[in-house]
Structure formats: C-alpha cells, structure tokens
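Worksheet for the structure shown next.
A note on names: the letters A, B, ... follow the listed sequences, proteins ahead of strands, and every chain is numbered from 1.
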Amino acid sequence: RDTGGQQQGGGGAAGTECTRNPAPAAAGGAAATPAPIAPNADASALKVGMAYDIGGRGDLSFNDSAAAGLEKAISDLGLVQTNTRELAAAENESEDAAATRLRQLVADGFNPIIAVGFKYATALKAVATENPQVQFAIVDDSTVELPNVTPLVFAEEQGSFLVGAAAALKTKSCQIGFVGGVDTPLIHKFEAGYVAGAKAVAPNIEVDVDYISPAGDFSGFNDSARGTEVARGQLDGGADIVYQAAGASGQGVFEAVNTATKPDAQKLAIGVDSDQYNTVAPPVNEVIMTSMLKRVDVAVFNYINAVAAGATGSLPKAFDLSVDGVGYSTSGGKVDDIADQLDAYKAAIIKGDIKVPSERQ
Amino acid sequence: MTRIRTVLLPPVLAIVFAALLCAVALLINGDSPLTALRVMVTQVGEGTTAVDIINTGAIYYVAGLAVAIGFQMKLFNIGVEGQFRLAACVAAIAGGALSLPPGLHTLVIILVGAAVGALWASVPALLKAYRGVHEVISSIMMNFIATGVIAYLISTEGFGVLRGNNISTDPIEPTGHFPGISFGASGTIFGFVFLAAALGLAYGFMLNRTRFGFELKASGESPTAAAAGGVDARRMVIVALLLSGAMAGLVGLPELLGRDHAYTLTSPAGYGFTGIAVALLGRNHPVGIALGALLWAFLDKSALALDNVGVPREIVLIMQGSIVLSVVIAYEIVRRYELAAEQRRVAAQLRAVTGVPAEVGS
Amino acid sequence: MTAVETKPAAPVPQARNGRRLPGWARAAIVVAIGVGILAITTTLTGQYQLTSSGTTQAAVRLLLPILFAALGGLWAERSGVINIGLEGMMILGTWGAAWAGFYWGPWAAVIGGLVFGALGGVLHAIATVTFGVNHIVSGVAITLLGMGITQYLAQLIFVPLSRNPRQSPRIEGFETFSIQPLADWLAELEGQQRVLLSDAAGLLGGVVSGLTPLVVLGFLFVPVSYYVLWRSRFGLRLRSCGENPVAAASLGVNVFTYKYLAVIISGGFAGLGGAALTLNPGQLGYLEGQTGGRGYIGLAAMIFGNWRPGGLLAGAALFGYVDGVQLRAGGEAVHALLYATSILAVILAIFWAARRHWRSAAVALAAGLVVYAVYWVIPEVPREFASYAPQLVTLLVLAVASQRLRPPAAVGLEYRRGEGD
Amino acid sequence: MAVADTAPPRGEYAVELAGITKRFPGVVANSDISLRVRRGEVHALCGENGAGKSTLMKILYGMQQPDEGTISVDGEVVHFRSPADAIKAGIGMVHQHFMLADNLTVAENILLGAEGLHGMGATARQRIAELEGTVGLRARPDVLVERLGVADRQRVEILKVLYRGARTVILDEPTAVLVPQEVEELFATLRRMREEGFTFVFISHKLDEVRAIADTVTVIRRGACVGSADPKAVTSRQLAEMMVGSELPSPETRESTVTDRDVLRVTGLTLDAEGGGRPVLDGVDLVVRAGEVLGIAGVEGNGQTELVETIMGMRRASGGTIVLDGKDITRAHTLQRREAGIGYVPEDRTRHGLLATQPLWVNRILGYQSRRPVASGGLLGVLDRAAARRDTERIVEEFDVRTPGVDVPAAALSGGNQQKLVVGRELSGDPVLLIAAHPTRGVDVGAQAGIWDVLRRARAEGLAVLLVSADLDELIGLSDTIKVMLRGRLVADADPATVTPEELGAAMTGADAEGAA
Ligand SMILES: Nc1ncnc2c1ncn2[C@@H]1O[C@H](COP(=O)(O)OP(=O)(O)OP(=O)(O)O)[C@@H](O)[C@H]1O
Ligand SMILES: Nc1ncnc2c1ncn2[C@@H]1O[C@H](COP(=O)(O)OP(=O)(O)OP(=O)(O)O)[C@@H](O)[C@H]1O
Ligand SMILES: [Mg+2]
Ligand SMILES: [Mg+2]
C-alpha cells in the first residue's frame, strides 16, 4: 500500500481509475424485506435480564443496539419495564465477575437472560449448566452448546460486504480504508467482508487496512486520539472513504474524515453496528455515507418474542442479510444513487450466488 | 499494646475515613449508604461470592507478594502487570503443548510461569543494576511491550486457535490442572489458594529467618549500612527483582490451572496494579497482605452487588483509592508519633535504671 | 620531628571552565542530523510517510499530552518530589476539561483540566510534603483515586447529558490554524519532491500547520518553564528545594511552600495534558481510560530529557514521532526506521572514533550492524511490535543514555523542618 | 553561669542569648545557656562533639526554635521564626556541613534566598565580583559548585553570608576541612573583616586556633555553659579541662605488643576519582602486623575514608593489591573480607554501622549474616534469632551499652551507646584485623575511655588495628606506628613515642615541621 508516491500533506490526490464490475444480474429487490420471523407474542409474563458488555448502555454501539431490542420488546410485546434488569461489565474484570452477574440475574428470577458479548461465553456455559430451567441467549458467540442457550450471532461479513461494495462504487481515488479497533477475529470478519465487497465491485481497488491496537490490548476500542491518526494516515495516503470498526475510537475516525473534507475533496466515512448518522452529533455525522448495521436489536427482540412464544428453535442460526440481521443504513441519503446495485449484491448473497468470506485472506 | 496500635490502628482509621467519604458521595448521588452497606455485607452469603472472594483474594495475594518483595528493598516493581500476563500466556502455551503425567505437568507449567516472569523482570533488573535506569520507567515500558508480545504469541499465526469470536491457546490437558475443592453450588476453591498460602509462609520465612531476607530488608532500610555489612547492592537489586518477577509469573496461574485452562484474548488484566495497592495496604507483611487482598477482593465483588441494586459501583473505586492513600498517611502519622514516644520511653527507662538523669546539665 | 616527606603531593587540577557550543546550537545540529538521516532513509526505502507533514502533525498531536505530563514531572521533580501520580492527575484533567468545556467552550476546558489536575497535585503535596509519605506510593494511590473519582463524577454528571457513563457529550474544540505564509510555502516545497529539501519541508511543515492554541501553549511552556525555573528567583528557590532543601531552608527559603507550589503546578500541567486529550481533534470529549498510560510516558520523557525542558521536549517528540509513524504507516515504516537507526549508529561510531572513544565507537558500530542485519532479514516489523515501537525506543535510549542523566540531588527524599547540621 | 562581668550599656553586644534551653527526644541539647557577643569581636565557642554548639547556633540563626530563653540583637529582643528573620536581623551562618547545592552554580548558590537584594542580573553579578575579592574566591560565578574544592566551597559559604549583608557571622567549625595555609588565609580574612566591624561567632574544638583568633571564648559542656574566658589568659590545657570536665582521660598505650606477622599488606593501592582527575588514592602502601595499631593521620578529605572503604571492599580499587593474612582479597566482596576476619567500625555509624529502625539484635546480624552464631550458614542461610539475641545481650553486658533491652530500635540509643554496640559487634567475629575509623567521634568521656580500653585489650590479644582518627591525642596515644595521609598518598611516617600533635599537624598539612611549631 501507499504506493502513490509522495503525497501532499492533507490534500487528496486523484488516484488510478477504478475498473468497476457490473452488479449481479439477479437484481429486482428480491427478498429485500423478508417477512417477520414470527408474529408478536405476549411477553408480559417474562422477566428479562440483560448482561451488557463493557460500558453498557450509552456506548452508541452494540450495547445500545441490544438495549433498543429490549425497548422494542417492551413497547411491542407487552414486556413490563419493571420486569427487566440491565447490568454491565466493568473493564478488566475476571471470569467470575461475569458469572456472578449472570447468577445474580438467575437468583432474582430473571428468565430469559441475555448476555451481550462473547466475553460471557465461559461464564454462561457454567451458569447455564447449573440452571437448566432458565433460558439464556448470548450475542456474538456460538461456542456454548447447551439446550437452554441460544446463540445470537451475526454475519458481519455480509453487511460489511455491502458497505465495501458501496465504498468501491463511491470512491474517486480507487483507494479506500478500513480502521479496526483491536486486531481480533471478530473485527477480522468486518475487514474480510469489506475487502471482499470492494474487490467484487472494483478488482483493482486498493484497500488500506489498519488496526489501532494489537490483540489483547483493548485500548484500541477506546482511544480516539490514535483512531484519528490512523484514519488520517489512510486519508493522506490517498484513501477517500474509511470504514471504521473501532468502538469508541470510531469517533476519532469520523473527526479525521470530517477534518480532511475540503469543499473540493469530499471524504466519507462508514459507520458500524448502529445507524451512526443518527447517533453521531452533527456536523460530523454529515461525513457518514452509510453504516454497516448489525441488528443486535432485531436479534434481541426476536429472541424475547421467541421465548414468549415458546419457540426459540425458530430463530435463525445466524442473523444474516436474509433475516435483516445485518444490513446497511441509508440515512443521509448518500447511497441512494447506488441503492439498486447494493440491493443486487444483497440478493446475490442471500441467494448464495456470492459467498462472503468471514476470515481475512 | 503499642504493636496493636501501630499495626492495626492505621488501616482501621483509613477504612473508616474511606467509608465516610463514600457515604458522602452516595448521599450526593441520592443513594442510601446504609443500603449499600447492607448489600455489601449480605452479598458474601450469596451464590459463589464467598468462594470468589477467596479465589480472587489468592490471586491478589500472590500479586501483593510479588510487589512486596521489591518493596522490601525500596524497589518498585510496577512491572508485575506485564510479567504476570506474559507468564500466564507462555505457561498456557507450554501447558497446552506438553503432555506429561499429572502433577508433573502442573509443576512444569508453574515453573514455566515463574521463569517467564523472572525473565521479563530481568530487563528492568539488569538495566537498573548496570545502567541505572529507574525500574519504574523501564518496567512501565516492559508492560506495554509485553502486550505486544502476547498479541504476537496468541495470534492465529502464532499459537492461538480461533474459538468462536475469541482466540485461545490450546487448552491444557486435565493432567495439567490444579484440582480445587468443590463446595457445590457455592463454587470451587482453587487448589492454588493453598499454594498461595504456602508462598506467603515461604515469603515470611524468607524475610525473617533467612540471610537473604535480612539482606533484602537491610538494603531497603539503609543501602549504605548494608554495603558496609557486606551486602552487594547490585546483586540484591537483580535477585530481588528476579524473585519478584518469578512471583509475578504465578499471579495468572490460579485461574489458568483452576478454571480457564487456556489463555484467551479476554484473559483478565490489572492484577499487577492491584498487587501494588494490596502490598501497600498490608505493609509488605505476609499476614497484612493477605488481609489487604481479601479486603480488595471483597470490595471488587461488592461492585457487582451494588450494581445489581442500582447503586453506582464507581463508589468502590473511590473507596479503594482513598483507603490506600489514607492508610499510608495514617501509618506515617502513627510511625512518627511512635518514634518520638519510643525515644522518650527509652530515655525515661534509662533514667530509672541508672538513676542518672539522661539530661545532663553542667 | 620524625616525620619524613616521602612523596610530593600532586597539584590540584583546575576545575574545567571551558564550554563548547551553546545548547541551542548543539540542539540545532542534532535536529539537522536527524532530518538528514530521515531524508536519506525516505529516499532509499520509499517510506515517504517518515518525512511527510502529516506525520509531523500527527506527532505534534500525539506528543502534546505527553509533553504536558512531562512538564508536570519536571516541575515536581525539580522541587524534589517524584510525581508518578501524573497519570491520575491527567485523568482528573480529562474529566475537568470535558465538564467545563461542555458548558463554556474550549478555553474553559483548558482551565477545567488545569484546575482538576492541580487538585490532584494538592493531594499529592499533602501526602508527600506534609506527611512525608513515600512519593511513589502516594502517586500510585492518587492514580487509583483519580480513576475512581472521575468515573464516579462521570456517571453522576455525564449520564444525564450523554446517557453514557463512560463518555461525555461532544465538546467544542479549538479552530486549527497555520502559520502563513510559511505553511503554504513549505507545503509547496514538500510537493516538489526534491530530495532532502522536500523532506525537511515536510517535517517542518507539520509543525507550523494544523495548530491549535493549546499546541502553541504547550510549546510555549517549554521555554517559559526554562525561563522561570532557571532564570527567575522563584525557579531558583524551587530548584534549590530539589537539590538541597536543608541549604535552601537555611537561607530562608520556605521549602514547604515551594514544594507545595511545585507539586500543584505539576498537577496543573498534568491536567492540561488531560485537557489536550479531551480537546484532541479526534476526540472532543471525555472517554473513560483515554489517558492510556500517557502520564507514565510523560514521566519517562522527562527522565529521557534529563530533567530539562528542552530534553523532555525531545523525549516527547521522539515518542510522538515514532507513534505517529507507526499509526499512520504501520510496520513497513517502522521497518524503515530500523534503517535510520543503523545510519545513526554509524554516525555515532564515527563521532566517537573521532574523539578517540574507541570502545563506545565499537559498541555503536556493532549495534548499527546488528540493527542493519535485522532490517535485512525481516521484511516488515510485525504489527504487534510496531505498535509498541515508541516504548521500545524509549527503553533503548534510556539504556544507552541513562548514565549521563542527572536527577535533582534530593529528589524523592523526605524533607522535615529543622533537619540537618 | 560565668558569663562576662558587669552589664554593659545597651547596644554594646551584637547578640545576646539568655537562658536558652532546647530539648530533643531523649536529650537536652542546650540547657539554660547564656551567651553575649560583643560587637566587633571574634567570639569562640568551644566544646566536645555533641556538646550542643551547633544547636545553639541554629537557634540563633532561626533554624530551630528554643524551648525556653530569649535572643536579643543590638539590645532588642527578637523572635526568629526562620533563618529569613535572622538574615534580616543581620545574622549569617556558615554551617559545619556545607549547605551548598552541588548542581547549582556559584552565583545561584549565593543568590538563593537573597534575590531581592540586587536582583539576579548584572547588578547582582557586580556585587558578587566585589565580594569575591574580599574572601579570595577565584572561581567564576557560573561554575557548578560540585567542581570546587573544599576551601573554595567555604569561601562561597562566607560569600553567601556577606552578600546578605550580615554583620554578625557564625562560623561552625570552619577549619575542620582546611589545610593550615587555608586556615591562615581564612584567619587573615577574618581579621581584616573584624577591622571593618564584623562580628564573628567562631566554633571550634581546636584550642590553638581559638587562641590564635578569638577575643573571647565560651566553653559548653554537655549542653550547658561552663564559662567564658580570655583566650590569651588561659592555657590550652585549662581550656581542655573546661571542655571535658575535671580529669582528662589519656589514651596512652606504651608496652609494645607488635609481632612480626603481617596481617594486612596493602601495596600500590590506587583509586581513581569518579569524574576523572586526581586519583583519590595514589599508590598507598602499608602493613599492619598482629598486635599492632597503625594510626593514619590526615586532614579530613585527604583519602582516609576512601582508603578504609577500599580495604573493606565497598569501593573497587583501580590498582594495587590487598593481602589479608597471606590471602589476596583484592577482588573479594565486602562480606568475604569480613568473613576472612576484618572487623569494621565505620566513621559514620548511622550511615554505615546501623539499621536505625531495627532492634539491636537485628543490628547484631549486620555483617555477620553468613556466620555463626547468628546464622547457620549453608545454602539457605537460616538465621538463628535466639542466638543473635543472646549474643546481643552479651555485648550489651560486656561493653556496657546503656539500653533497656535488645528489642529497642537502634535509633533510640544515644550516639555513644550506639558506638559501643558497633564496637562490640565488630569484635565478636574473631577478627584478625579491626579497622576503626574515628571510633570515639561524638562519644562522651566515659564511653571514650571504655572504647580505648577495648582496643588496647584486643591489641594485646594479637589483633591488628588500622586506626583512622582526627583526634591526634587519641592517635598518638593508641598507635604503634603513625602514617600521615595527604591528597591520597601516605606522605610521612611518625613515631608516636616522640611525635607531638603540633608536629603531626604540620605533616598532615604538608607544611614543614618548623612552620607548624
Ligand atoms: N534534630 C535533632 N533531633 C534530636 N537530637 C538532636 C538534633 N540535633 C542535635 N541533636 C542532639 O543534640 C545534641 C547536641 O548536638 P549539636 O549538633 O549541637 O552538637 P555539637 O556541639 O555541634 O557537636 P559537634 O562538635 O559534633 O558538631 C546531640 O546530642 C545531638 O545528638
Ligand atoms: N537527628 C536526630 N533525630 C532524632 N533523634 C536524634 C537525632 N540525633 C540524636 N537523636 C536522639 O537524641 C538522643 C541523644 O543522642 P546523642 O547522640 O546526642 O547522645 P549523646 O547525648 O551525645 O550521648 P552519648 O554521650 O552517648 O553520645 C538519642 O535518643 C537519639 O536517638
Ligand atoms: Mg556541631
Ligand atoms: Mg553524642
């Protein structure tokens, strides 16, 4: 990467011309909005416990998304507000803290209990084994194989494929960037899908991939000062669209894109998890072209619904494009012009014509 | 009597002071300090909390011992954090790769942990002894670098394997586990807890009964007097930091050998820093550190219980921070007071014994 | 008299009074050599990010919090108090800055950070100066407490505003500006891709563009600290407390007062470091854990800089530069830095050989060869290590240079009134 | 109190101290002391170590507050809360131990605290340049103090005082670190300044110096004022007896026990200075035989401390060999040297001899941690606490250490008793060589005699003793041979049977025998 020769400090440079493939022929908006998974059931008798990952509500990311699912269940399924409890993990806590949190929920009669984040896997396995009568769900993990545990996992690579394709369609320099927070397998899925999507549109596109911190150093999700610098490095190197999967550091990526945007050189960013055009404060949100949606809210809502209906078996193996478990956002209207092509890719993925890799190549 | 005053009074004062501070903070927040107190007390009987306090306490205890070894000679091993994390990672890799008979397997893992901890501590030790680099700065840098090395080791190109969205080292075979004592629904006490207690005993023995412990304390109290007494300062720096590092290398093992059996991305961090606080609370005394470790573990678990009833758990952090600060201040005040009292007492006793006033006029 | 003279006594050698070049000239030479090495490296390895103005700008942004922390360390340690609580004071500063900045704008954020950091300094002063607590112990405790208090305050104050206990709402930042016409002229020169000239222009251009008032303030505080500490009456008294407090007291200096002031100022600087993080163009708000050990790194930069303002600036700049390079351009650029290091080692070897320090020259040459061999063998520094290049560099430089360092003579020692003969 | 005769008119005295009492934990440093210093005189203050001289002067200088008593300056009662107050009242003090910051320049050291007078710029430099002539300082003002020699440092100290415009100058043992020519220069300066109307309080226990410079002398003993006298009218012997009480103990040892067995043989011992420059030890050769006391005389700072510490292995020799009892120990560690049979009474017991906060029995272990009876030796090196305790009790008994028990911390003992403990310990390990550096410094008369006695007995039993002392009577009285050390070399030998302190003093300073007489 960075083969573009000596670039000017902050200015964008016109890169090579992109050769773009046509969108798959399937087209036609097929299966764009699938039918709801199940009809709304009555959840008024349920006591739902939520165990969030570090930060809990207010992270503008997947904890908030999970909370949104809970709120939807309250409004749509008759779940009683006082029959819910939300707890959150602390930084650097040990396994037993996670287990204790789940046990507290069990002890106080919550059922089902939803653990948000793969860090709960081990603790959940222990607690679920001890309490076979309680229903559990875990977000982002499918390693706990117990009858009373429902995995809520997502095809992040599929959503990322679409925003990758969008980036490749939109880029003017034929060079785009990806900023990962921490170099972990989960984030690799985002990267892999994004790169695959971009290459599917423009085989000669250049994708800069950078991570803020290596595996095990979770500061990369929490250091927007460094996030800015990584993004600026990519922008200065010629990229004009940057996709971030960096948690709270993502704010830094948006700020970097916002700063680099000049009247004559529009730079764009792609958000992650929730529709960040709506959550990031203006005017910075104006640079957000689209967001890769990871609909934890959909999964949580569907799960509560399924428990209420006594049909957890009906939930999908993975929340992917076909059930709207992942997708892309359109707020801000910056991808309206390419919506057709994106929908074509989406349909092709759902049909299985395109296989999106989930590990980086 | 004076001993009780000097040893027990400061921490009690400090805890009371910290509790008052927290009560004020809670009241500002509109929460009832009494509820908080009740929750903190009753949590101990619930679920596995009691066992967890003991298990976590054992981890903090080992970390505290590691820091305390350095403190004995006024060396500040802030690098326990990096040493323990790297040691746990390498020990897990070694344990997963080896297959040995039960007991031996565990022993080898423990030795690997200690060796790696000592190795990581040897950099600050040698830099301190031969280049005069302050151990605090070098070990802080080593903590950062340890994170990089761990990331390298457990990446999938290294020794890591993908497990769901997590990366983990190869799990250690049951032959390498450290069996614990199960209390059924109340949890399982790590077998390592007893090893930790034994380490505490060994530390106490080493400190008070052996030449090495004597030299360590002497160097800490007065490097000049120790040098005149034949203690090689450079050697002591190296040995003390290596020992501290070796002890630090064991910090991650209770969980590794007793519960997790593999090192993962989400393996905990921060025990090294807790160890500093615990060693300070316990005044580097083997029993004191144990009490400090249990108190710290208790407060940690209280955060969970408070969160569960909607009381802000940050209160626990304030409590921990203010306890440490006020306990050192309290010890200092009592120490000064006692020193003056001691001198007065000796003078008075001498007067009584010799019949001659210690204050001689013309 | 039975005493017999046996040998004549040797004459006492005269104290060496001669000085070589003035400090600023030597600094300029060092900078010039550095630029030269980087230019050569860039030309030969094609890693243009090493000398791009973007990298220098990143370095400036990254070094700013570290610089403030290091200045904080300088003020405290010059008065004889070790301040390892900088991290905690910095954390307090981030909160204070975000809180004040949210209501009253960026300048209020600066003041807020300063005040909250200074409050941490007051605590440290009470513990170390009044009660004689071990400075490191007190520093660790203050870091713990700083973390606790900010998290508590954040959940108390910020949750109603941002619904997020770990983050403040976005605050307003400073407008950036460039020093014109210099910045444009340098940018143009950088664009011309002339060997050496464009590299120098790139490195310099980053320093004069994309500035905020806080950056200017930070750089200004370096000469100001020098002036106050070395040229003013206040500074003389303050430093004397760190060198020989008993002597200072015997001349009527109120050692307690000066130590208190120094530690509070130190806390204020650390707080400014926190404000710099909060006002960072990429952040614009408080974020739990955002200091990420920068307080400790500031302390290291200060030691690196031999307890002097110019030196700590160099330390912070080196750290910020290497961090900027690795963040912007990753392992390949860090790999190119290995090449630069081996050139530096050879230059050092020549320098020492010219002064007939044969052993040092040999060691430098050997080190250079080893680094070059590493450069040759591996194609790229793995990302995991590149991320910690700044820390590695700091450790290496300290290992090489530490014995020339000169801490204040009485740093870390307890002072009590009426002691000494 | 035998203070000067009738009350003079107000203002005749530059300073008056009345009824000063100062207590420290466990000791009364000053007990109801009164002192009047006439304007324009040099007033000497004499007394043994620990008599309370420095304490009294620190009180006058505002560094310490008296528990009782008053201070008057020019007839006005004043209250000094800090040295700043004293400086304002025109009092300056040159301390016994230099109060200079090594890492600051000469000018900075002088200006510190007095920046208000002439600022810190050109005016101040001008003033410093003027005063430099007065005290004979030749160093440039921007040189770091660490580069100066002792005499120049002292000049800087005096300059500091003058710069502040002091009219009354306290000099606390200014001559202890000076060689005779330097003492002469200092005295010349003092005399000249006396003519200009300065008043001096001059502390010393060198009686000849007192008689040479002082107009009045006041003697303090054990915290109390013994009396004042005209130094021209009393003999040194009379003064000495005022200082120490009635009887003067004598360190005589006459009958020789010297054998021909070499215990310690040092050849060509060299120690380079840390920052380069003149070696601290320069080719030192000496032999100590069994039953012999070898005394080393020298003015402080001429390498005696370094010699002792190099023989102990606390410093690494740059050249030369040290042979103990036929074994080459040049490369051995301190502990190995101790195990080989060296006992060591360090010159600074608090820094090098004791662990202040540890109980006496723990202090018994220091230096013996590898040996019986306090340790079992072996790989683990287990300590025998009971044995350590028992043996400490033995020392307390045998050496008359006044302590309530062996469990009190060492810091709680008075200096003399601490010293007895150290001496007792160092004779416990069956040493073949005892290195005693200033063994009776800061020790009262009774304890002093006790320690001399111990040394004599040990010598009679065949112990070799290397004695370093600043007390020439002690040195002459105890030694079988005396060597004189000057600038890192052994420059002269003296026979204690015939040499006088005056002759020895002359040799120590490198002056001719006639010159010093
Ligand atoms: N700060 C202090 N605390 C406790 N005791 C002290 C203190 N300063 C001095 N002393 C004690 O007071 C007594 C008088 O000490 P001082 O320094 O005045 O003696 P001195 O006459 O100057 O002796 P020297 O000739 O050794 O200088 C000594 O017993 C000393 O130990
Ligand atoms: N700097 C100091 N700080 C605290 N206490 C001190 C200090 N110096 C001396 N002391 C205390 O003062 C007391 C007297 O000590 P000092 O050495 O002055 O005794 P002394 O009167 O000279 O007796 P001796 O004749 O036995 O030497 C002791 O209890 C000692 O602990
Ligand atoms: Mg004195
Ligand atoms: Mg005494």
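Figure legend: C:R308 and C:W230 shown as a cation-pi pair, the cationic atom lying under 6.0 angstrom from the six-membered ring centre and within 45 degrees of its axis.
The part of D:L100 that comes within reach of chain C is its backbone (N, CA, C, O), which places non-hydrogen atoms under 4.5 angstrom from that chain. The contact between D:I87 and chain C is made entirely by side chain atoms (from C-beta outward), counting heavy-atom distances below 4.5 Å. Residue D:E157: no heavy atom, backbone or side chain, is found under 4.5 Å from chain C. Interface remark: D:D85 contributes no atoms to any contact with chain C (heavy atom separation under 4.5 Å). Proximity to chain C is limited to the side chain of D:K160, based on heavy atoms less than 4.5 angstrom apart. Using a 4.5 Å cut-off between heavy atoms, D:A114 touches chain C through its backbone atoms (N, CA, C, O) alone. If you measure heavy-atom distances from C:A249 to chain D, the contacts under 4.5 Å come from the backbone alone.
C:S138 and C:H124 share a donor-acceptor pair across their side chains, judged by distance under 3.5 Å alone. Defined by atom type and a distance below 3.5 Å, a donor-acceptor pair is missing between the side-chain atoms of C:S79 and C:Y260.
Contact tally against chain D (heavy-atom pairs below 4.5 Å) for C:A247, C:S250, C:G252: the top residue is C:S250.
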Do any side-chain atoms of residues 220-227 of chain C form donor-acceptor pairs under 3.5 angstrom with protein atoms, and if so which ones, sequence neighbours left out?
from, atom 1, to, atom 2, distance (Å)
C:S225, OG, C:W75, NE1, 3.1
C:S225, OG, C:F221, O, 2.7
C:Y226, OH, C:R231, NH2, 3.2

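C:K259 pairs by the salt bridge (charged side-chain N to carboxylate O under 4.0 Å, His left out) definition with nothing, not counting sequence neighbours.
With D:Q65 contributing its side chain and D:R81 its backbone, the two residues share a donor-acceptor pair below 3.5 Å.
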